[in-house]
Amino acid sequence: MIPDGELLRARVVTDLAAPLEDALDRRLDGYAVLAPRETLLSDDDDRGVITFETGVPALAYHAGTDRGGPPALADIGAGPHRLELYDLDPAHLTVPHTTDELRVPPGMPAERLAGASDLADRTRRVADEPETIDDGAVAAFLDDEDAIEDIRETARAEAERRAEQWGFEDAIED
Amino acid sequence: MVEAFAVASGKGGTGKTTGTLALGMALAEEYDVTVVDADTGMANLLFHAGLADVETTLHDVLVEGGAPVAEAAYERFGMRVVPCGTSLSGLEAADPAELREVVATLAADADVLLLDSPATLSSKSAVLPVVLADRIVVVLQPTIPAISDGLKVQEYALSYGSEIAGTLFNRVQGDVTAVRERVDRYFEGPLLATIPESDAARAARSAGEPLLAHAPESAAATAYREAAAALDPRDGDSDDVAERFRTAVIPDPP
């Protein structure tokens with residue numbers, strides 16, 4: 001669902017505070033892949049992903065447990081981790097970031113994964129900064145017809161699936 | 001005649017309730033307008049319409065053997081306003097599916113029904129107003145999340161056979177011409193108006209008055225009147241609309 005980004009760094013870390021702070025400072029749009037250090041010798045699925053929206057953690061997902069949101073942070077667990085940090089055009093994250101079930105509160109990864117309450121506070125302050133409306137970014141998003149069509153198709157499919165669940169079938173247009 | 005509009009946005013904070021009451025007041029100059037807080041889970045309308053202290057709300061109507069809807073309908077600002085209450089116990093007892101009967105009853109005496117819809121598509125009761133309305137007013141802000149969510153609302157509406165009345169660009173700061181032109185490619189219906197971000201809207205909310213009552217000369221109020229003029233309510237048959245609401249297939253309560 002999320003395309004490959006540009007790899008910024010790959011290393012084993014014992015403390016996630018530094019990479020989280022780095023992502024915040026550079027207002028990174030992208031994601032981090034986190035695996036136990038021994039994962040190269042074990043299960044390839046034992047990995048978690050955290051996405052960033054202008055440096056602020058947005059989503060968490062763990063491939064091994066298929067859980068998202070705060071439970072995924074528990075699955076990612078304490079380090080040391082093998083960390084890969086990727087930069088990605090935010091347009092590719094717009095659709096995933098509408099998935100409420102995967103969202104984590106901005107300060108939670110710093111608290112849960114790094115025990116860094118100061119960094120968590122700082123992250124929350126950055127997240128609370130008023131959303132600057134960047135007309136250029138919005139226009140660029142709207143020029144990406146494939147991404148827009150993807151949102152529409154996903155919503156249509158969801159509406160039709162839920163019509164069955166919710167008993168709205170009679171309303172569905174052929 | 002009656003036409004039912006749902007005022008909807010997938011995202012919170014777009015000024016949907018302010019917009020619903022503003023459109024209602026503007027339309028009330030020509031039509032009999034009833035505004036219903038269809039966001040039964042997060043009452044908001046009552047604070048905007050000076051009804052925070054009323055005794056009977058839609059929650060009291062939506063319970064089994066509840067109050068008649070006339071007791072929860074208040075004549076305010078030239079409209080009839082039906083607010084939801086804020087008590088959690090009231091919400092738990094209320095059956096959103098009963099909304100259909102309430103709306104059918106209200107349709108009998110109105111030219112225009114405006115349903116202030118929940119800012120989410122996550123539950124059956126949240127989607128119900130979009131299913132029941134004739135046309136949807138999609139409220140957008142010129143941001144990526146708000147436009148993405150607006151697109152989702154539009155697809156839900158079209159999937160369920162509701163039409164799009166148009167889009168409202170709300171809480172706009174600066175020049176959004178480039179964004180507006182692009183948005184127009186993806187949304188059905190006209191762009192009804194571009195509403196500037198306004199201190200008057202916040203002040204109106206604090207005063208418990210609709211924007212058009214609190215600051216009728218403000219730029220935002222003028223833009224809402226322009227949007228209302230573009231809506232052009234249709235001459236639907238009241239009995240037909242009431243019957244459609246009564247017989248709509250309604251989901252189980254959540």
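Proteins come first, then strands; the chains are lettered A, B, ... in the order of their sequence lines, and each starts at number 1.
Salt bridge status for B:Arg185 with A:Asp143: present, with a side-chain N to carboxylate O gap under 4.0 Å.
Annotation: residues 145-154 of chain A contacts chain B through A:Glu145, A:Ile148, A:Ile151, A:Arg152 [non-hydrogen atoms, separation under 4.5 Å].
For B:Tyr160 against A:Ala159, the heavy-atom pair with the smallest separation is OH-O, 2.7 Å.
Expressed to the nearest 0.5 Å, how far CD of A:Glu158 lies from NZ of B:Lys152 amounts to 5.5 Å.
Taking A:Glu111 as the reference, A:Arg124 meet the salt bridge (charged side-chain N to carboxylate O under 4.0 Å, His left out) condition, with sequence neighbours excluded. A search for side-chain contact (heavy atoms from CB on, under 4.5 Å) contacts involving B:Ala22 returns B:Leu212, B:Tyr224, not counting sequence neighbours. Taking A:Asp118 as the reference, nothing meets the side-chain hydrogen bond (donor to acceptor under 3.5 Å, both in side chains) condition, with sequence neighbours excluded.
Between A:Arg156 and B:Tyr156 there is no side-chain heavy-atom pair separated by less than 4.5 Å.
Formation of a donor-acceptor pair under 3.5 Å by the B:Tyr186 side chain with backbone atoms of A:Leu142 is found in this model.
In this structure, chain A has no heavy atom under 4.5 Å from any part of B:Val153. For B:Gln154, the part sitting under 4.5 Å from any heavy atom of chain A is the side chain, from C-beta outward, and nothing else.
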